[in-house]
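Notes to accompany the following structure.
The analysis underlying the following values was restricted to heavy atoms, covering all of them including side chains, and did not include hydrogens, waters or symmetry mates. Remember, it's a predicted structure, so these values are computed and weren't measured experimentally. In what follows, chains are A, B, ... by sequence order, proteins preceding strands, each numbered from 1.
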Amino acid sequence: MPPRVRIAPSPTGDPHVGTAYIALFNYAFARRHGGKFVLRIEDTDQQRSSSSSEDAILAALRWLGLTWDEGPDVGGPHGPYRQSERTDKYQAAAKVLLDSGAAYRCFCTRERLDALRVEREAAKLRPGYDGHCRDIPKADAQARAAAGEAHTVRLRIPEGGETTVLDQLRGEVTFAHAEIDDQVLLKSDGFPTYHLANVVDDHDMDITHVLRGEDWLTSTPKHVLLYQAFGWDQPLWYHLGLLRNADKSKLSKRKNPVSIDHYRALGFLPETFINFLGTLGYSMPDERERFTLAEFVEGFDLHRIKTGGPVFDPAKLAAFSGHDIRELSDEGLLQVLRDRVLSEDRLRALIPLVRERIDTLDDFVPYASFFFGGSVDYTLVASKLVPNKRTAKETAKVLKDYIDAIEQDADARAFTVEALEAFSRGFGERVGWKPKELFAVLRIAACGRTAAPPLFDTLAVLGKDRVRLRLRDAIDFLKTMPTA
RNA sequence: GGCCCCAUAGUCCAGCGGUUAGGACGCUGGGUUCUCAUCCCAGAAACCCGGGUUCGAUUCCCGGUGGGGUCACCA
C-alpha cells in the first residue's frame, strides 16, 4: 500500500521554516514510495487563523517545490482540506465518544479553570483539569447541553495504567495516565481542538505515516487513546527533532528569521534552501551534502533521520547559497537576477520613490542600494540613531516592541503603506514617542541612513522581512552602544 | 518543578564493538591573484561523566550531568 502522508500547517502567521522542514521529509517519503502528499489547513483557531496566512503558506511551499497531491487549492478525494469546513465531522466524532463514554461534557467556566490553575500551582500540584465534570450523569449533562449551557467535550483519560506510543524513530515511549490531562476535544464554540481534528482527519484521509515535530510527542498518547476509542488503526508515528536557535532553544523569531518569505525576499535560491534543510537531522547515504530535491527523494530513507534537534546555522546556509550562485552560468545568473532581484515589478515599485531624488540615470543604483540586501551598517549613523532625549536602551526597547506589536496587528501585518502609517502613529502614541522621534528611528534603523523617501512607502517596498531583520540588527547595535 | 526526548569539534552530519574518529560551515596559516572575492593547500578543534557487558567500547545496558520539548477551550 503506497503511503499517504501530510503536512498540516496552521495559518496563524508567516510561513514558518519549521513547516518547510517537516514538509520536506513528508514530501520526500511520499515521492520516494509512490505515495501521496496531502496538504491540510488546520484553521480551527478562529481567533488567529487568516486566509492571507493560508495563501502565504501555500505560496511558500510551492516556491520551495514541495508540491502536494491533495489540498485545499487542488482538491482531492478526501476533501475538504480545510478543517474549518469539516466541523460536522468533528461534531459527529465527538458524539460517538460521548455515547461510548470515552468523552464527557464539561461545563466548567473559563473562570473556574483559571482559578483552578492558580490553586493547583500554589499547592504545587500538577497543573491540569481536576475532573470536576467527569462524573456528571450522562442524562444530566445531555439535558444541560440541550438547554444551551455552554460546555466543552473532554477526553476521559483512564484513571490508572499507561499508554505506550510506538515511535518508529525512538522506540516505545510510555506515559502514565496520571500524567495526562482530560484534553478538551471540542471547544465551546463548537470547533475542535487540534487533537480531535487531527485524529479524525488523519483517519478520514487515510494517512499512514505521521511525520511531525517532536513538540507533539507528549500529546501523542492522547491521540493513541483517541484512535483506540474510535476503534481505528493508528498511523505510524515519527517525531523529528526540532530546528533550534544558536542557543539550542526551539527556533523562534525572537532569535532568528523564521519566515520562509524572509529567505525568499533576501535572495536565497529555493533549491539552496531545500538542500540546506535536507542536511539538518538527515544525511545522504554517501555523505554528500549538496543535492537537489530530486536527489534527496531518490535515496530518501526514514532510518537516516536523526532525532536530535539541529541548530539552524545561517552562516552555513549563506555558504551554500554563495556556492550555488557561483555554479550558475552567466546566463543563468542573469536570468535569476532579472526574475527575482531586478524584476519589473520591483523596479516599478522603486521608481516613484527614487525619481525625484536622482539627477542622472546612473544615480539610480547607488541611491536605491539600501532597498537591496540584508543588514546595513549603522556605524556612520550611530549618533543619529538615538533621539536627543532618549537613551539607547529606551530606543532598543521601542524598536523591539514595535516589531512585536506589528505582528499582533492584523492590518499592519500586511505591511501596506496605509496600514503601516496608521499602526505606527498609534504605536507612537501608546509608547509616548512623538511621530518625529519614532519615524526618525525607524527610518535610520530600516535604511541605515538619515535621508530616505517617505517612511511608510519605503518600509512597504523594503518588505516586512528585510525591515524586521534590520530592526533587529539595530536593536543589537544599540545594545553595544555606550550608555551616555 | 512533573513527565518525555536527545547527547561525536563552536555548528551541521558520517560512524552502526577493533578506524591515525571522516566530511561540510566557521576559524587560523599559506598558495594563485594588481586588490578583494573565488579557487587550491595546510592546520587547530569532538566521542559529556561514572558504572557495567565484552578480549575490546564513541558504538550495547544502567545511572548521573547537560541541553531541549511539553504541561491551554493554540496548533
Side-chain angles (χ1 to χ4, degrees), chain A residues 8-13 16 18-19 41-49 83 106-110 112-114 116-117 120-121 124-129 150-154 162 164-165 167 169-198 212-222 239-251 275-290 303-323 325-327:
Chain A
S10 182
T12 53
H16 198 279
T19 303
I41 296 295
E42 308 229 333
D43 57 349
T44 56
D45 184 336
Q46 289 293 282
Q47 297 306 313
R48 298 193 305 156
S49 295
Q83 289 185 332
C106 172
F107 299 91
C108 292
T109 60
R110 184 83 72 156
R112 190 183 107 77
L113 294 174
D114 287 345
L116 180 68
R117 193 167 303 123
R120 292 183 73 100
E121 197 169 318
K124 296 214 196 309
L125 286 169
R126 184 180 64 81
Y129 188 57
H151 65 279
T152 62
V153 173
R154 285 182 186 271
E162 54 191 35
T164 296
V165 174
D167 184 286
L169 260 19
R170 300 161 194 261
E172 292 188 346
V173 185
T174 300
F175 299 84
H177 289 158
E179 296 295 333
I180 308 173
D181 210 19
D182 279 1
Q183 181 64 50
V184 170
L185 301 175
L186 214 54
K187 308 181 228 178
S188 53
D189 65 2
F191 274 78
T193 57
Y194 171 90
H195 308 279
L196 210 220
N198 196 265
R212 59 181 6 171
E214 185 185 2
D215 44 353
W216 291 110
L217 183 56
T218 47
S219 46
T220 307
K222 294 170 184 171
H239 290 92
L240 279 60
L242 261 23
L243 260 23
R244 317 278 189 103
N245 298 308
D247 66 3
K248 308 273 190 173
S249 58
K250 175 163 130 175
L251 193 67
N275 182 179
F276 179 63
L277 289 182
T279 66
L280 302 180
Y282 188 81
S283 61
M284 295 289 259
D286 62 1
E287 271 189 70
R288 114 190 94 135
E289 59 176 14
R290 298 317 314 269
H303 301 296
R304 297 193 65 83
I305 297 175
K306 265 185 55 158
T307 46
V311 170
F312 184 97
D313 179 8
K316 186 158 180 174
L317 205 213
F320 273 26
S321 179
H323 182 263
I325 286 172
R326 271 165 240 127
E327 288 282 292

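Rounded to whole Å, the distance from CG on A:Asp167 to P on B:rC5 is 10 Å. With rounding to whole Å, A:Phe276 atom CZ is found 10 Å from B:rC12 atom P. Atom P of nucleotide B:rG26 and atom CZ of A:Phe320 are separated by 10 Å, given to the nearest angstrom. Atom CZ in A:Phe312 sits about 13 Å away from atom C1' in B:rU11, given to the nearest Å. What separates CD of A:Glu327 from P of B:rU38 is a distance of 15 Å, to the nearest Å. The NE2 atom of A:His239 sits 20 Å away from the P atom of B:rG68 (whole-angstrom rounding). Summarising the geometry, the separation between CZ on A:Arg326 and C1' on B:rA37 is reported as 8 Å, rounded to the nearest angstrom. To the nearest angstrom, P of B:rC12 lies 17 Å from CG of A:Asn275.
Taking the side chain of A:Arg170 as heavy atoms from C-beta on, and the options B:rA24, B:rC5, B:rC3, the nearest nucleotide is B:rC5. With B:rC4, B:rC12, B:rU8 as the choices, the nucleotide that has an atom nearest any side-chain atom of A:Lys316 turns out to be B:rC12. Considering only the side chain of A:Glu287, B:rG22 comes nearest among B:rG22, B:rU11, B:rC6.
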Begin from the C-alpha positions of A:Glu214 and A:Arg170 and carry the test salt bridge (Lys or Arg N to Asp or Glu O under 4.0 Å) through to its verdict. CA-CA 11 Å; A:Glu214 185 185 2; A:Arg170 300 161 194 261; 3.5 Å; yes

For A:Arg290 and A:Asn275, run side chain to side chain contact (heavy atoms under 4.5 Å, CB included): C-alpha distance rounded to whole Å, both residues' side-chain angles, the deciding distance at 0.1 Å, then the answer. CA-CA 7 Å; A:Arg290 298 317 314 269; A:Asn275 182 179; 2.7 Å; yes

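The phosphate of B:rC6 (OP1 or OP2) has no side-chain N or O of A:Lys306 nearer than 4.0 angstrom.
Of all heavy-atom pairs between A:Pro310 and A:Gly308, the closest is CD-O, 3.3 Å. Of all heavy-atom pairs between A:Lys187 and A:Thr44, the closest is NZ-O, 3.0 Å. Considering all non-hydrogen atoms of both residues, A:Tyr129 and A:Leu116 come closest at CA-CD2, 4.2 Å. What you find for A:Val311 and A:Ala246 is that their closest heavy atoms are CG1-CA, 3.8 Å. Among all heavy-atom pairs drawn from A:Asp43 and A:Pro11, the shortest one is CB-CG, 3.7 Å.
Nucleic acid contact for A:Arg304: sugar-phosphate only, since backbone atoms but no base atoms lie under 4.0 Å from a heavy atom of the residue. Nucleic acid contact for A:Arg244: sugar-phosphate only, since backbone atoms but no base atoms lie under 4.0 Å from a heavy atom of the residue. Using a 4.0 Å heavy-atom cutoff across all strands shown, A:Phe191 reaches no nucleic acid atom at all.
Nucleotides B:rG29 and B:rA44 place their C1' atoms 10 Å apart, quoted to the nearest Å. Nucleotides B:rG31 and B:rA37, compared at atom P, are 14 Å apart to the nearest Å. Annotation: B:rU33 and B:rC27 have their C1' atoms spaced 23 Å apart (nearest Å). For the C1' atoms, the distance linking B:rC13 with B:rU58 amounts to 15 Å, nearest Å. With P as the reference atom, B:rU59 and B:rG15 are 15 Å apart, rounded to whole Å. For the C1' atoms, the distance linking B:rA7 with B:rG63 amounts to 15 Å, nearest Å. Across the C1' atoms, B:rC16 and B:rC47 are found 14 Å apart, a figure rounded to whole Å. Only the P atoms considered, B:rU53 is 11 Å distant from B:rA57, to the nearest whole Å.
Pair check for B:rU19 finds none; no Watson-Crick or G-U wobble contact set falls under 3.5 Å. With a 3.5 Å ceiling on both atom-pair distances, the Watson-Crick or G-U wobble partner of B:rU11 is B:rA24. Nucleotide B:rC3: paired with B:rG69 (Watson-Crick or G-U wobble, both distances less than 3.5 Å).
In terms of the salt bridge (charged side-chain N to carboxylate O under 4.0 Å, His left out) criterion, residue partners of A:Glu42 (sequence neighbours excluded) are, by chain and number, A:Arg40. In this structure, the side chain to side chain donor-acceptor pair (under 3.5 Å) partners of A:His195, at least two apart in sequence or on a different chain, are A:His223. Looking at residues two or more places apart in sequence or on another chain, you find no salt bridge (charged side-chain N to carboxylate O under 4.0 Å, His left out) involving A:Asp313.
In this structure, the side chains of A:Ile41 and A:Gln83 stay at 4.5 Å or more apart for every pair of heavy atoms.
Contacts classified as salt bridge (Lys or Arg N to Asp or Glu O under 4.0 Å) and involving residues 279-288 of chain A (residues at least two apart or in different chains) are given here: A:Asp286-A:Arg288, A:Arg288-A:Glu295.
Both A:Thr174 and A:Asp313 lie close to RNA chain B; mapped to their nearest nucleotides by heavy-atom distance, the more 5′-ward contact belongs to A:Thr174. RNA chain B is contacted by both A:Gly281 and A:Glu289; A:Gly281 maps to the nucleotide lying nearer its 5′ end (nearest heavy atom per residue).
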Heavy-atom contacts, protein to nucleotides 69-75 of chain B, under 4.0 Å, summarised as B (base), S (sugar-phosphate only) or - (none) per nt, yield BSS-BBB

Using a cutoff of under 3.5 Å, can you pull out all pairs of nitrogen or oxygen atoms linking the protein to nucleotides 58-66 of chain B, with atom names and distances?
none

